[in-house]
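For clarity, every value in this text was computed on a predicted model and none was experimentally measured. Residue numbers start from 1 in every chain, and the chains themselves are labelled A, B, ... in the order their sequence lines are given, proteins ahead of strands.
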Protein chains: 2
Amino acid sequence: MNDSLSTRDALIEAGLSLLIEGGAEGLTLRRAAARAGVSHAAPAHHFKGLPGLHTAIASRAFALFTEAMLRRRAAAENRPFARLLAICDGYLDFARDSAGLFHVMFACPDLDPRDPDLAAQSARAYDVLREGCLPFSGGTPDPVLEGLVWSSVHGYALLGPSVNAEAPFAAVLARIVPPDAP
Amino acid sequence: MNDSLSTRDALIEAGLSLLIEGGAEGLTLRRAAARAGVSHAAPAHHFKGLPGLHTAIASRAFALFTEAMLRRRAAAENRPFARLLAICDGYLDFARDSAGLFHVMFACPDLDPRDPDLAAQSARAYDVLREGCLPFSGGTPDPVLEGLVWSSVHGYALLGPSVNAEAPFAAVLARIVPPDAP
DNA sequence: GGGTAATCTTTACACTGTCAAGTCTCGATT
DNA sequence: AATCGAGACTTGACAGTGTAAAGATTACCC
């Protein structure tokens, strides 16, 4: 039984590494099974087919995603703009360096949106962003500001090189919230 | 020869309808070939494999995308904020109603970025957005503002329901550029 | 006319996800 | 303690995918 948990995790870990190495197209049920050392039909017992594996992987990926944002935030100055920018930089780092995971998290049409684990992990990630916005609305949540920041960084991450050249994200963010006073 | 052009177009048209009917997973080389009335290997002569078909379809889809934005803009009041909002609404309409096409245009990892047709059509689409931003920067282009608007509407389109409830896009846009005076 | 290039079909191959049936192990019940 | 049974996993098969090679057919140009 502990063994079963271990192969389930092994399958998720194998899927993560396949996505990191080979991008969005690198992940395959059979390849993940092979890398985990089990037969090609083993995943069907732990997940509901490929969509199930996708959502399990996305759940883990959201945890790594949150970690990337927190890591950046911890290294930033403790001032509102610097902190929010650091969070967004973590967002952009992850989207750039782990494009395969990012793709499964946000562009995979077969994720199970009712999976409680996935919902919890993604909520945790968004909470980081939300909390970074708080200082700009006097400590009480401002849904419109949160939606704007979130949409902006997400769109910026996906559009990528088309915008970056002429508009670094720090400049974009400075149009949304006031930069720290010198 | 005219026949060859016609089957090439028939393949693209078949791909478009498959994407509209069945979403991103509805498109298949073989299905498009069958719907176009040719054998499953015919597409290989007109496109470089599936990636080639994808970029050809994306090119056409960008034209429809531009059309959706222009249609909305034409029905809007001739005031800066109303026009830019209308353009963005066209953007969001298309992303919602033609999710399959939108996915191929923006989330397909195998598009050929050097295809001149695709580059031209996507540039045409972005020009609409850019021109909608002009009145807010005194008539001279403002790359940072363009990047902000573009990222915001794109991110908003993809994050979709997670944000919409509490933050309609009109409210989001009103944080970026000043609404029209009453 | 003869040849040539393009268009399309046929055939084959490796790979994918999924399903059905069988094997095995281990724990609980009687 | 023997038996049962449920879960984990394998094996084998199937339909469907993209791609490549090789052959047919057609249209066009010299």
Side-chain angles (χ1 to χ4, degrees), chain A residues 1-59 100 103-104 107-112 115, chain B residues 1-59 100 103-104 107-112 115 117-118:
Chain A
M1 149 206 178
N2 195 355
D3 201 8
S4 91
L5 271 193
S6 144
T7 70
R8 198 191 128 100
D9 281 356
L11 281 160
I12 297 178
E13 222 67 35
L16 284 174
S17 67
L18 281 171
L19 282 171
I20 290 173
E21 295 171 19
E25 321 245 292
L27 172 60
T28 277
L29 243 179
R30 287 171 116 102
R31 276 214 276 260
R35 184 165 293 204
V38 294
S39 87
H40 68 269
H45 283 265
H46 299 281
F47 316 97
K48 298 189 223 154
L50 186 59
L53 180 59
H54 277 156
T55 77
I57 289 177
S59 186
H103 187 274
V104 170
C108 206
D110 61 1
L111 294 186
D112 179 10
D115 182 88
Chain B
M1 149 212 174
N2 194 355
D3 202 7
S4 91
L5 270 193
S6 144
T7 70
R8 198 193 128 100
D9 281 356
L11 281 159
I12 297 178
E13 222 68 35
L16 284 174
S17 66
L18 282 171
L19 282 171
I20 290 173
E21 295 171 19
E25 320 245 290
L27 172 61
T28 277
L29 242 179
R30 288 170 116 103
R31 276 215 276 260
R35 185 165 291 204
V38 294
S39 89
H40 68 269
H45 283 263
H46 298 281
F47 316 96
K48 297 191 223 150
L50 185 59
L53 180 59
H54 277 156
T55 79
I57 287 177
S59 186
H103 187 275
V104 170
C108 206
D110 60 2
L111 294 186
D112 180 10
D115 181 89
D117 229 59
L118 177 59

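Atoms CZ and NE2, from A:Arg8 and A:His46 in turn, are 8.5 Å apart once rounded to the nearest 0.5 Å.
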Worksheet entry | Footprint string (nucleotides 20-26 of chain C, 5' to 3'): B base within contact, S backbone only, - free, heavy atoms under 4.0 Å | -------
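One N or O donor and one acceptor, one from the side chain of A:His40 and one from the base of D:dG12, sit under 3.5 Å apart.
Close to D:dA8, at under 4.0 Å from its OP1 or OP2, lies no side-chain N or O of A:Thr7. Look at A:His46 and you won't find any side-chain N or O under 4.0 angstrom from OP1 or OP2 of D:dG7. Contact annotation: A:Arg8 does not reach the phosphate of D:dA8 (side-chain N/O to OP1 or OP2, under 4.0 Å).
Residues B:Asp112 and B:Leu118 are not in side-chain contact: their nearest non-hydrogen atoms beyond the backbone lie 4.5 Å or more apart. Looking at heavy atoms from C-beta onward, B:Ser17 lies out of side-chain contact with B:Ile20 at the 4.5 angstrom threshold. At a threshold of 4.5 Å between non-hydrogen side-chain atoms, the residues B:Phe47 and B:Ile12 count as touching. At least one side-chain heavy atom of B:Leu27 sits under 4.5 Å from a side-chain heavy atom of B:His54.
A straight line from CG of B:Leu11 to P of D:dG18 spans 12 Å, rounded to a whole angstrom. Per the geometry, CG belonging to B:Asp110 stands 9 Å off P belonging to D:dT19, to the nearest Å. Rounded to an integer number of Å, the gap from CG of A:Leu18 to C1' of C:dT16 is 14 Å. One interatomic measurement links the two molecules: CZ of B:Phe47 to P of D:dA20, which rounds to 16 Å at whole-angstrom precision.
Non-hydrogen atoms lying under 4.0 Å from DNA chain C are contributed by A:Thr28, A:Leu29, A:Arg30, all within residues 19-30 of chain A.
Contact annotation for A:Pro51: backbone-only contact, meaning every heavy-atom pair under 4.0 Å involves sugar-phosphate atoms and none involves a base.
Of the charged side-chain nitrogens involved, at least one lies within less than 4.0 Å of a carboxylate oxygen, so that B:Arg35 and B:Glu21 count as a salt-bridged pair.
Of the candidates D:dT10, D:dT19, C:dT9, D:dT19 carries the atom nearest the B:Leu50 side chain, counting heavy atoms from C-beta on.
B:Leu11 pairs with exactly one of B:Leu29, B:Leu16, B:Ile57, B:Val38 by the side-chain contact (heavy atoms from CB on, under 4.5 Å) rule, that one being B:Val38.
Counting only distance, with no hydrogens or angles, the side chain of B:Arg31 and the backbone of B:Leu18 share no donor-acceptor pair below 3.5 Å. Side-chain atoms of A:His103 come within 3.5 Å of backbone atoms of B:Ala107 as a donor-acceptor pair (strictly under, hydrogens ignored).
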